[in-house]
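Right, one structure below, let's go through it.
Just so it is clear, the structure is predicted and the values come from calculations on it, not from any experiment.
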Amino acid sequence: MNEQTLTGKVAIITGASSGIGKAAAIRLAEAGANIGLVDLKEENAEEVKEQIEQIGRKAIITDTDVSDPKRVKDSIDQVIESLGRLDIVFANAGINGKVAPIEDITPEEWDQTLTTNLKSTFLTTKYAVPHMKKNGGSIIITSSINGNRTFKNIGMSAYSTSKAGQMAFGKMAALELSNYHIRVNIICPGAINTNIGQNTFKEKKELKKVDIPVKYPKGDQPLEHKPGEPEQVADLVHFLASDASSHISGTELYIDGAQSLL
């Protein structure tokens with residue numbers, strides 16, 4: 001028996017129209033799952049839906065602002081109504097947000113990043129749990145090495161805080177939901193070739209006043225690490241979604257090619 005088969009299961013993926021979300025949607029469909037594609041960029045999700053249907057699986061798109069409680073709940077209910085059940089949740093949607101010194105980030109900009117990244121993880125989990133209690137399942141959260149293992153990205157205090165919060169939330173949820181056979185794990189990617197830069201707003205001029213250059217001893221050069229690919233992260237998501245990881249819960253998994261160890 002192939003423990004990584006997902007035949008007959010249904011997965012919801014937020015931020016599913018590009019990058020890691022898109023790669024995961026296709027990977028889980030190839031393993032047999034039907035997919036709920038949850039994203040604001042509905043037009044981009046159409047291409048992902050077509051690819052999933054070419055594989056021979058079902059897909060449904062819900063146009064959803066993941067920071068809006070009603071839209072998240074309605075979206076999950078819509079997937080259940082269309083696909084019949086829910087076994088896997090990949091809470092992946094997020095932004096880099098405003099990159100600036102703490103003194104220059106406005107409260108509104110702080111809230112936007114925390115809401116889009118952290119609150120959306122809570123909302124997605126909250127409204128998925130009632131549907132997952134019957135059969136159990138797997139919840140996977142996209143956090144980051146930033147805020148958990150590295151803190152060198154100056155100006156990303158809001159982003160790093162949201163990612164550290166996702167780590168704590170995932171561990172709390174893993175314990176709370178264990179009685180329902182719902183596993184919760186947190187993936188922490190490093191640099192991955194995606195389009196998240198489109199949701200990054202750098203204040204380059206202001207960043208100069210808090211930038212701390214790293215100086216290496218003469219002759220000592222840092223190792224070069226190439227960014228990972230979304231498909232590599234998708235393989236990890238597939239593993240955590242499947243029965244092959246049945247005894248893994250409440251665990252953070254770093255996928256960064258040792259980048260964060262420098």
Side-chain angles (χ1 to χ4, degrees), residues 1-16 19-39 48-49 51-60 76 79-80 82-93 121 124-125 127-144 166-167 169-171 173-190 192 194 228-257:
M1 179 180 176
N2 182 0
E3 289 187 327
Q4 288 198 255
T5 183
L6 301 176
T7 302
K9 294 189 176 183
V10 172
I12 281 179
I13 299 173
T14 65
I20 292 172
K22 175 182 177 180
I26 294 169
R27 186 70 188 85
L28 298 188
E30 288 173 341
N34 297 319
I35 312 292
L37 304 167
V38 178
D39 206 304
V48 185
K49 181 175 184 289
Q51 287 183 254
I52 290 170
E53 290 174 342
Q54 288 172 2
I55 295 169
R57 305 301 171 191
K58 297 178 181 178
I60 178 175
I76 292 174
V79 172
I80 298 297
S82 176
L83 300 179
R85 58 185 291 161
L86 181 58
D87 306 277
I88 301 156
V89 171
F90 184 27
N92 168 70
T121 299
T124 304
T125 302
Y127 293 118
V129 164
H131 300 288
M132 299 179 74
K133 281 184 174 181
K134 182 177 180 181
N135 299 307
S138 175
I139 296 173
I140 303 146
I141 297 168
T142 299
S143 181
S144 174
Q166 285 178 310
M167 180 80 79
F169 175 78
K171 289 175 180 286
L175 189 60
E176 180 177 323
L177 301 176
S178 61
N179 285 340
Y180 303 111
H181 304 287
I182 299 171
R183 297 181 296 110
V184 185
N185 290 292
I186 311 100
I187 64 170
C188 299
I192 305 294
T194 70
E229 297 298 330
E231 291 75 17
Q232 293 173 301
V233 183
D235 287 340
L236 175 59
V237 173
H238 175 205
F239 169 69
L240 293 173
S242 74
D243 290 341
S245 61
S246 61
H247 199 52
I248 301 176
S249 191
T251 300
E252 67 272 23
L253 295 98
Y254 293 93
I255 178 164
D256 69 345

Could you walk me through whether Lys171 and Ile186 pass the side chain to side chain contact (heavy atoms under 4.5 Å, CB included) check?
-> CA-CA 8 Å; Lys171 289 175 180 286; Ile186 311 100; 4.3 Å; yes
Any residue meeting side-chain hydrogen bond (donor to acceptor under 3.5 Å, both in side chains) with Thr142, in chain and number order, not counting sequence neighbours = Asn92
Ser249 side chain to Val184 main-chain N or O, any donor-acceptor pair under 3.5 Å?
-> yes
Thr121: partners by side-chain hydrogen bond (donor to acceptor under 3.5 Å, both in side chains), with sequence neighbours left out = Gln166
Only counting residues at least two apart or in another chain, list the ones meeting salt bridge (charged side-chain N to carboxylate O under 4.0 Å, His left out) with Glu231.
-> none
Please report the closest heavy-atom contact between Ala24 and Ile13, naming both atoms and the distance.
-> C-CD1, 3.9 Å
Residues pairing under salt bridge (Lys or Arg N to Asp or Glu O under 4.0 Å) where one sits in residues 131-141, two or more places apart or in two chains, turn out to be none
The reported gap from CD in Glu252 to OG in Ser144 (rounded to nearest 0.5 angstrom) is 13.0 Å
By side-chain hydrogen bond (donor to acceptor under 3.5 Å, both in side chains) - contacts of Ser143 (at least two apart) | Asn148
First locate atom CD1 of Ile12, then atom NE2 of His131, and finally report the distance between them rounded to the nearest 0.5 Å.
-> 7.5 Å
Looking at residues at least two apart in the chain, or sitting in another chain, which of them share a side-chain hydrogen bond (donor to acceptor under 3.5 Å, both in side chains) with Lys9?
-> none
Side-chain polar contacts of residues 26-35 - donor-acceptor pairs under 3.5 angstrom, sequence neighbours left out - could you list them?
unit_1	atom_1	unit_2	atom_2	d
Arg27	NE	Asp235	OD1	3.1
Arg27	NH2	His238	ND1	3.2
Asn34	OD1	Lys58	N	2.9

Does Glu53 CD have over 12 foreign heavy atoms under 6.0 Å away?
-> yes
Report the distance from atom NZ of Lys22 to atom CG of Leu37, rounding to the nearest 0.5 Å.
-> 11.0 Å
Closest non-hydrogen contact found for Gln4 with Phe239 is NE2-CA, 3.5 Å
Going from CG on Leu6 to CG on Asp243, what distance comes out if it is rounded to the nearest 0.5 angstrom?
-> 8.0 Å
Residues forming a side chain to side chain contact (heavy atoms under 4.5 Å, CB included) with Ile255, sequence neighbours excluded = Pro189, Val233, Leu236
For Asp39, the side chain to side chain contact (heavy atoms under 4.5 Å, CB included) test, sequence neighbours excluded, returns Ser17, Lys41
Mind checking what makes side chain to side chain contact (heavy atoms under 4.5 Å, CB included) contact with Ala128, not counting sequence neighbours?
-> Ile76, Leu86, Val89, Met132
With sequence neighbours excluded, give me every side-chain hydrogen bond (donor to acceptor under 3.5 Å, both in side chains) pair touching residues 180-190.
-> Arg183-Ser245
Measure the CD1-CG distance between Ile139 and Leu240 for me, rounded to the nearest 0.5 Å.
-> 12.5 Å
Minimum heavy-atom distance Ala16-Val48, with the two atoms named | O-CG2, 3.8 Å
Kindly compute the distance separating CZ (Phe90) from CD1 (Ile141), expressed to the nearest 0.5 Å.
-> 10.5 Å
Can you name the side chain to side chain contact (heavy atoms under 4.5 Å, CB included) partners of Ser82, sequence neighbours left out?
-> Ile60
